[in-house]
Amino acid sequence: MTPTSKKFNFKEDLKKRLSEVKTTRWIRFGIVAAIFLAWVAWLGSWWVAIFLILLFDIYITGYIPFTWWKKSKSKVTKSIMSWVDAIVYALILVYFVFTFVGQNYQIPTSSLEKSLLVGDYLWVNKMAYGPRVPMTPVHFPLVQNTFPIINTKSYLDNPQWKYKRLKGFGNVKTGDIVVFNFPAGDTILPKLMLPGSTSQLKGADYYTVKKLFGEEFIKQNVKEFGEPMYRPVDRRENYVKRAVGLPGERLAIKDGIIYINGVAQPLPENVQFKYWFQTKYPLLDQQWEEFEIAVDDRRMADIEPEDTAMLRAAGFDIYSNQPIYGAPLTPAMLANIKESPIVIAATKAPVKNDEFLFPEGIARNWTRENYGELWIPKKGESIKLDWYTWAVYNRAIRNYEGHPDSYIGADGTVYIDGKAADEYTFKMDYYFMMGDNRDNSLDSRYWGFVPEDHIVGKPMRVLVSFDKDKGIFSGGIRWNRILKDANSGF
């Protein structure tokens, strides 16, 4: 130690630093600290408050050299690091807003047409039902699960946190349009999810491919499909449907009408069913536009020989060359078509048995419009375990409630975590979700219940809407939908 050097005195140094802090800096720290502590109280995990020390250093004491680059003599370093600093700050802010407040989502399919349109960009309120604490905390905030172009995961599998939902403004109600993570998306075939996939099974999840072709087929086509890959709950694809059944309710569908606990429910204002209609001559784009039928829905009816008697009874001229079309229609669209002078006849398309309906083995004689009855699981309520309840609820028990080592024996005995059990008590609430485009919606009728830990939030407003079939300067922007209520029509 030289005669002029002094021993570092932390107390004196801290006092000096505090005395040099401007009043405005203290005010900024006070505001940020108050917001942070309010967030910690909402989070309910007070150990997180330890990070207040970090905020104090960032705003007041400055011991950690986060802004070291500001003292650099290099203009290049200052320029680059100023951009890095701004980007990192923005990403952190976006992470917290998207996680705890809300996020924008795009409507990619027509399952809620005409309530929500393909090309709608929605603001989804995550505080409506209470935001989830991230289960996969280390993820890039601007993408759901895959970086575009490079096609790699945008998250780290570890650490994984247990499901916890913060207090929100309310609960899911009957008729709410809800954004949620796709339950059957827990296992995917990764190459089928890539934008450049040319497979006819593009976008299909593991369970669908397995049901169609079997597990051996997947193993034989691993080069085309990729190895099956698990996705955490909050990194699964986002879906949007309408909640039609709540925890503890009994749901059935009869002739397209939903019954809850035996009581018929009103149809959504823009509910669509598939209809066939015959016209005097082939339709041009102008007529399709007048009928408000989207480009993707403009097709000929898929008529089979056994349908001819029904068509004749409805007034169709099946022996002529006049075209018969099939399309999903709302009541208003149907009335418009029936009033058109170029339309000969119109009738509801027949709905036939569907082997892919949930639950497998139970829904053999069910259809999309004659479905159920099913009891929707409710937290804290129990079921007796037998072959029937196992067929209906085994996926919920094994995949969603954390009991993968559960099965039914040859004698009908159900084993939970390897132990014989005659009843099971659910840990979570579940919901039954359906699209308003009833005959063109893959929903709970096909993949079952939506667990509460998959619920993301409630769409509130349409931010902007683009018609993919039109150019930007020729009607491609739907101006009448900007800031439109995104949760109406029920």
Side-chain angles (χ1 to χ4, degrees), residues 42-43 94-109 111-112 115-116 118 120-146 154-155 160-186 188 193 205 230-247 376 379 396 399-400 428-436 441-444 447-463 485-488 490:
W42 185 31
L43 195 63
V94 166
Y95 179 94
F96 275 90
V97 170
F98 280 14
T99 300
F100 296 101
V101 180
Q103 191 172 349
N104 63 300
Y105 289 93
Q106 179 190 3
I107 297 295
T109 68
S111 66
L112 277 166
S115 301
L116 295 176
V118 174
D120 281 352
Y121 285 79
L122 311 176
W123 174 255
V124 176
N125 182 4
K126 294 189 176 181
M127 296 191 293
Y129 310 127
R132 295 174 300 186
V133 175
M135 288 174 271
T136 311
V138 184
H139 66 270
F140 194 79
L142 300 176
V143 291
Q144 178 61 15
N145 46 48
T146 307
S154 62
Y155 61 91
Q160 282 290 315
W161 292 347
K162 290 184 178 180
Y163 163 65
K164 179 181 179 181
R165 188 175 296 276
L166 305 184
K167 186 174 179 59
F169 294 127
N171 300 313
V172 177
K173 296 181 178 62
T174 301
D176 280 359
I177 294 177
V178 180
V179 172
F180 55 92
N181 297 117
F182 180 40
D186 59 0
I188 64 163
M193 299 295 164
D205 62 87
Y230 174 83
R231 270 185 181 161
V233 170
D234 55 343
R235 296 299 97 200
R236 295 168 193 172
E237 298 296 339
N238 293 307
Y239 271 41
V240 58
K241 308 285 181 187
R242 195 182 293 276
V244 299
L246 303 182
I376 305 170
K379 182 179 180 179
N399 293 54
Y400 308 146
M428 291 191 292
D429 285 330
Y430 290 78
Y431 301 87
F432 203 90
M433 305 286 188
M434 286 176 56
D436 290 354
S441 173
L442 290 175
D443 49 39
S444 286
W447 33 254
F449 311 110
V450 177
E452 65 172 82
D453 67 346
H454 284 57
I455 300 294
V456 174
K458 182 177 182 179
M460 302 303 289
R461 294 287 168 186
V462 177
L463 298 176
D485 184 359
N487 223 292
S488 60
F490 192 80

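Start at 1 with the first residue, then count along the sequence. Everything quoted here is computed from the prediction, not taken from an experiment.
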Just do the side chain to side chain contact (heavy atoms under 4.5 Å, CB included) check on Val178 and Tyr431 with the steps written out, would you? CA-CA 10 Å; Val178 180; Tyr431 301 87; over 6 Å; no
Rounded distance (nearest 0.5 Å) linking atom CD of Gln144 with atom CD of Gln103: 7.5 Å
Strictly distance-based, threshold 3.5 Å: is any side-chain N or O of Asn487 a donor or acceptor partner for the main-chain N or O of Asp176? no
Decide whether Asp234 and Tyr155 meet the rule of one side-chain donor and one side-chain acceptor closer than 3.5 Å. no
Just verifying a value: how many Å separate Asp436 CG and Ser441 OG, rounded to the nearest 0.5 Å? 8.5 Å
Atom CZ of Arg231 and atom CG of Asn145: how far apart are they, to the nearest 0.5 Å? 3.5 Å
Might you point out which heavy atoms bring Arg235 and Val143 nearest each other, and give the distance in Å? NH1-O, 3.7 Å
Closest heavy-atom pair and its distance - Pro108, Val118: O-CG1, 3.9 Å
Under 4.5 Å between any side-chain heavy atoms of Lys126 and Val456, yes or no? yes
Do Pro134 and Phe100 have side-chain heavy atoms sitting under 4.5 Å apart? yes
Please report the closest heavy-atom contact between Gly185 and Arg236, naming both atoms and the distance. O-CG, 3.5 Å
Interatomic distance, CD1@Ile177 vs NZ@Lys241, rounded to 0.5 Å, equals 11.0 Å
Is Met428 close to Lys379 at the side-chain level, that is, under 4.5 Å between some pair of heavy atoms? no
Checking Val124 against Lys458 for the side chain to side chain contact (heavy atoms under 4.5 Å, CB included) test, could you report, in this order, the C-alpha distance in whole Å, the side-chain angles of both residues, the deciding distance, and whether it holds? CA-CA 5 Å; Val124 176; Lys458 182 177 182 179; 5.7 Å; no
Backbone of Leu122 reached by a side-chain donor or acceptor of Arg461 within 3.5 Å: no
Distance-only, no hydrogens or angles: does the Trp42 side chain make a donor-acceptor pair with backbone N or O of Lys167 under 3.5 Å? yes
Taking the side chain as every heavy atom from C-beta outward, state whether Ser115 and Arg242 have any atom pair closer than 4.5 Å. yes
Are Val133 and Leu166 packed together at the side-chain level, in the sense that at least one heavy-atom pair is separated by less than 4.5 angstrom? yes
In terms of heavy-atom contacts, does CG of Asn104 have more than 12 from other residues, nucleotides or ligands at under 6.0 Å? yes
Derivation and outcome, side chain to side chain contact (heavy atoms under 4.5 Å, CB included), residues Lys162 and Met135: CA-CA 6 Å; Lys162 290 184 178 180; Met135 288 174 271; over 6 Å; no
Value for CG (Leu246) from CZ (Phe432), rounded to nearest 0.5 Å, stands at 12.5 Å
Ser111 vs Leu442, side chain to side chain contact (heavy atoms under 4.5 Å, CB included): CA-CA, chis, key distance, verdict: CA-CA 7 Å; Ser111 66; Leu442 290 175; over 6 Å; no
Could you pull out the closest heavy-atom pair between Val101 and Trp123, with the gap in Å? CG1-CZ2, 4.5 Å
With the side chain counted from C-beta on, respond yes when Val233 and Tyr163 share a heavy-atom pair under 4.5 Å apart, and no when they do not. no
Side chain proximity check, Tyr430 to Pro451, heavy atoms < 4.5 angstrom: yes
Does Asn238 reach the side chain of Asn181, with side-chain heavy atoms less than 4.5 Å apart? yes
Rounded to the nearest 0.5 Å, the OH atom of Tyr239 sits from the CG atom of Asp443 at a distance of 10.5 Å
Here the pair of heavy atoms bringing Leu116 nearest to Ala486 is CD2-O, 3.8 Å
Please find out if less than 6.0 Å separates the ring center of Tyr400 from that of His454. yes
